[in-house]
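To start, I am sharing the structure in question, which I have written as structure tokens.
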Amino acid sequence: MKKFWKKFSTVSTLSSMMLLTAVPSLTNAASPQKVTVQQGANPQALQNASVFGDLPGNTQVTVDIVLKINNKDKLAKYINDTTTPGNKNYRHYLSVDQFSKSYGANPKSIKLTTTYLSFFGIKTKVYPNNLLITATGTADQFNKAFSITLKQEKYKGKTFHGTKDSPKVPISFGNDILCILGLSNYSNFTSHAVKQPAPLTDNGTTPTGPLNLMPQDLIKQYNVQPLYDKGATGAGQTIGIVSLAEFNPEDAYSFWKGTGIDVKNDRITKTDVDGGSGWDGYDETTLDVQQSGALAPQANINVYVGPNTDTGFTDAFATAINENNAQQISVSWGESEPAIQYFVQQQLETPQYAEVFNQLYMQAASQGISMFAAAGDEGSYDAAREFGLGSTVPNAASLSVDNPADSPYITAAGGTTLPFHFHSNTYNLDVSNDQERAWGWDYLFKYFDARGLNTPAGWSGRYLAGSGGGFSQFFATPDYQLGVKGVNKYTAVKQWTPNAGQTTLTRDAGPTIVTGRGTGRNMPDLSMNADPYTGYQVWFSDPGAPGTNFGSATYGGTSFVAPQLAGLSALINSADKTQVGFWNPQIYRFAQQAHSPLHPLNTTGATNDNGFYTGTPGTVYNQATGLGTPDVAALATKFSK
């Protein structure tokens, strides 16, 4: 999974946008009563950056004005109805136009917003959901429209613009605005795809087990083959991939051909949102396309590539969801909740940041789109690798989870380790995993220790790696999790102690088993193999040069699980000739029924943990792996009823 500092694509048709250039009289826009709107600025950059003057007035700037969803409680009920067999709205999904009319912002507020901005010469594009307005103008125009001063700044070698001023807009429409994103264009998001560290080789010995996997290995591990035997191929389905980096589509076709998978020709469509992105993180986009497409070989794949910014990430999701062509969408970029909290406290990020994406995911669920997000690759300490253990940032070493997988309206994809064994002659020690377990690298601690990696730098780089999981501080426990055995309670393997400010960790003398209670949305929802040491092959050529230096590398991370689930969703839909929609309420119901298609990994202890959370015997849910691993054929049968 990649960390991101946010992105996404432009709306593709003129009918989906409203360009307003009419200029009202000065008296209509002059000196109205104004309200302050939360802005979304980007990270520590603004706190520590050097400011070297005002942004030139003619500099082009793009921002997103995010509007508040209407009738949110009613929308939540409707979404639940679409997942409840016997309900009149079961699998009856909204069109984008129906969503807009029932739950989008008031058209009058939108008209007032765009007219006000047009007075300053700012052009606007309204997304069909009536929740998002992309505005484009000059720095001088935005300074006047929002009563701010955009500055030129530099941080860590990057030059960008930003402002610490809070934007102000007329009260006539300002109270309908959730927040404004993009007044800073600093970006720092990185992919969470994890390349396999130095292979576990030792004097000629190598591990034994399922290593360097191909899609066929997943098909066998999670019982997918019966769907192919039934004739399912993903035909008629479209998989959406949201990413913040470019890729070579030719690499995916070479991968599928090389692994013997017969795929549909010309199946990949790439949309560059807001001008697209660069190549930093292209491994992420590459593996997302290869893995999802391998499991549903006749499905189309729409890839939405946005710039690595607040507006880019938002616009990418908005484009994919408003196009409403993909029945399933995955994303493998994110950032920790403590990072977002820290930037909010510094008044460098809007408190409404997570809600921006949650609103879009609610729209997707109402339209029957199955959404999947990687849960993270930093185990239960999601921010530790993001900030490092010497940052002095409060809560950098706290138990935490990843956004946007924390939204209750997206399926959070966790990770496991498959069985394998390794003997080190050099250090005379054995590494043994006898059964599938939660991905956490404590099974390698003795080996890491022997190699001299037991230092704070080594801790954040290797010792804390694992599948994301735990409790969200942003979102309450959703209804579909309430009452599920194991939710809001946990068993854990304590191996680290944070200092008073939770800025760093020290390693305990040995692991101890602890229990406790938690609140908030529990993560992840389900899990599949994600450990780089039992990882998958990805095929690459040089960025922008298809076929050049072509070869394979072994990767892992929950970045794999999210697109794999999207591919499996397409396969299930094609097998059952249906559109299953939002997974979560359904899979939590299935998990509590007889003949559950989900297998909890509830062994307690260091043989089954993600760095802290482990299993609890007899539970349905555990925070290390969620509801467990799927029997995909059995899951498809449940969805078909």
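Computed from heavy atoms alone, side chains included, the values below leave out hydrogens, waters and symmetry copies.
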Of all heavy-atom pairs linking K264 and N300, the shortest is NZ-OD1, 2.8 Å
Would you check if the distance from the ring center of Y555 to the ring center of Y536 is below 6.0 Å?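 Between Y555 and Y536, the centre distance exceeds or equals 6.0 Å.
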L227 and V632, any side-chain heavy atoms less than 4.5 Å apart: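 Heavy-atom side-chain distance check passes, below 4.5 Å.
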Heavy-atom check, side chain of P563 versus side chain of S332, under 4.5 Å: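 Yes, their side chains come closer than 4.5 Å.
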T134 versus D64, side-chain donor and acceptor atoms under 3.5 Å: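 Yes - a donor-acceptor pair under 3.5 Å links their side chains.
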Can you see whether Q363 engages Q367 through a side-chain donor-acceptor pair at a distance of less than 3.5 angstrom? yes
Salt bridge flag under 4.0 Å for residues D272 and K270: yes
Is it the case that the side chains of N573 and Q328 hold a donor-acceptor pair, with the cut-off being a distance below 3.5 Å and no angle test? yes
Say whether T138 and N58, considering side chains only, have a donor N or O and an acceptor N or O under 3.5 Å apart. no
Q141 side chain to F120 main-chain N or O, any donor-acceptor pair under 3.5 Å? yes
Would a 4.5 Å heavy-atom cut-off, applied to side chains only, mark I410 and F357 as touching? no
With heavy-atom distances below 4.5 Å as the criterion, would you say the side chains of C179 and V356 are in contact?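 The answer is yes, as the side chains (C-beta and beyond) meet within the 4.5 Å cut-off.
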Below 4.0 angstrom, N of the basic side chain to O of the carboxylate: do E355 and K68 qualify?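 Salt bridge flag = no for K68 with E355.
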Will you find, in the side chains of N358 and S407, an N or O donor that is under 3.5 Å from an N or O acceptor?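 Yes, S407 and N358 have a side-chain donor paired with an acceptor closer than 3.5 Å.
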Looking only at side chains, do Y103 and Q98 share a donor and an acceptor under 3.5 Å apart?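 No, no side-chain donor-acceptor pair sits under 3.5 Å.
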Could you tell me how the ring of F146 sits relative to the ring of F142: parallel (under 30°), tilted (30 to 60°) or perpendicular (over 60°)?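 The arrangement is tilted - the two ring planes meet at 30° to 60°.
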Evaluate F317 against Y361 for ring-ring contact (aromatic ring centres under 6.0 Å, His included), listing each step before the verdict. CA-CA 9 Å; F317 276 114; Y361 302 157; 5.2 Å; yes
Can you find a pair of side-chain heavy atoms, one from V303 and one from T271, that are under 4.5 Å apart? no
Are the aromatic ring centres of Y282 and F540 under 6.0 angstrom apart?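 They qualify: ring centres under 6.0 Å apart.
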Side-chain touch D280/N308, heavy atoms, less than 4.5 angstrom: no
Classify the side-chain pair T83/Q586 by whether it contains a donor and acceptor separated by less than 3.5 Å.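 The answer is no; no qualifying pair exists.
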Could you tell me whether the side chain of D251 reaches within less than 4.5 Å of the side chain of W539, counting heavy atoms only?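 No, every pair of side-chain atoms sits at 4.5 Å or beyond.
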Got E337 and D382 here, is their nearest side-chain heavy-atom distance under 4.5 Å? no
Check whether the ring centres of W583 and F372 lie less than 6.0 Å apart, and answer yes or no. yes
Does any donor atom in the side chain of Q216 or T259 lie under 3.5 Å from an acceptor atom in the other side chain?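 Short answer, no.
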Polar side chain donor-acceptor pair, N403 to D406, under 3.5 angstrom: yes
Quick check for you: to the nearest 0.5 Å, what is the distance between D288 atom CG and W333 atom CH2? 9.0 Å
Any side-chain donor paired with an acceptor under 3.5 Å for Q327 and S370? no
